[in-house]
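For clarity, every value in this text was computed on a predicted model and none was experimentally measured.
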Amino acid sequence: MLSINPKMPARLNELEEDLTARRKRAIEEDWRGEVEGLDLTLTFLRGKREQARRFERTGPVTLDVPVVPHHKPKLTGG
């Protein structure tokens, strides 16, 4: 799994250009398995780029730690 930093869309665009060029060559050379693999990689890359764009629009999410009030435990007779 590729984990995306929200500041990476430019790098993802470069990767897509490279993968697209490799896909074009694979089609010209009739490397069907390679084309399928590149298509899959391009699909994942585009999904990650969209995820990074969503992160840019929404910003980070703050997760607060819940506060549990202090209480004394009850003692039970055994």
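- Nearest heavy-atom pair, Leu12 versus Arg49, reported as atom, atom and distance to 0.1 Å: CD1-CA, 3.6 Å.
- Taken from CD in Gln51 to NZ in Lys48, the straight-line distance is 4.5 Å, to the nearest 0.5 Å.
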Could you pull out every donor-acceptor pair under 3.5 Å between side chains of residues 35-45 and any protein atom, sequence neighbours left out?
from, atom 1, to, atom 2, distance (Å)
Asp39, OD1, Arg23, NE, 2.3
Asp39, OD1, Arg23, NH2, 3.4
Thr41, OG1, Gly37, O, 3.0
Thr43, OG1, Asp39, O, 2.9

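- A salt bridge links Glu34 to Arg22: at least one charged side-chain nitrogen sits closer than 4.0 Å to a carboxylate oxygen.
- Arg46 is linked by a side chain to side chain donor-acceptor pair (under 3.5 Å) to Glu16, counting only residues two or more places apart in sequence or in another chain.
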Donor-acceptor pairs under 3.5 angstrom involving side-chain atoms of residues 26-33: please list them, not counting sequence neighbours.
from, atom 1, to, atom 2, distance (Å)
Asp30, OD1, Arg32, NE, 3.3

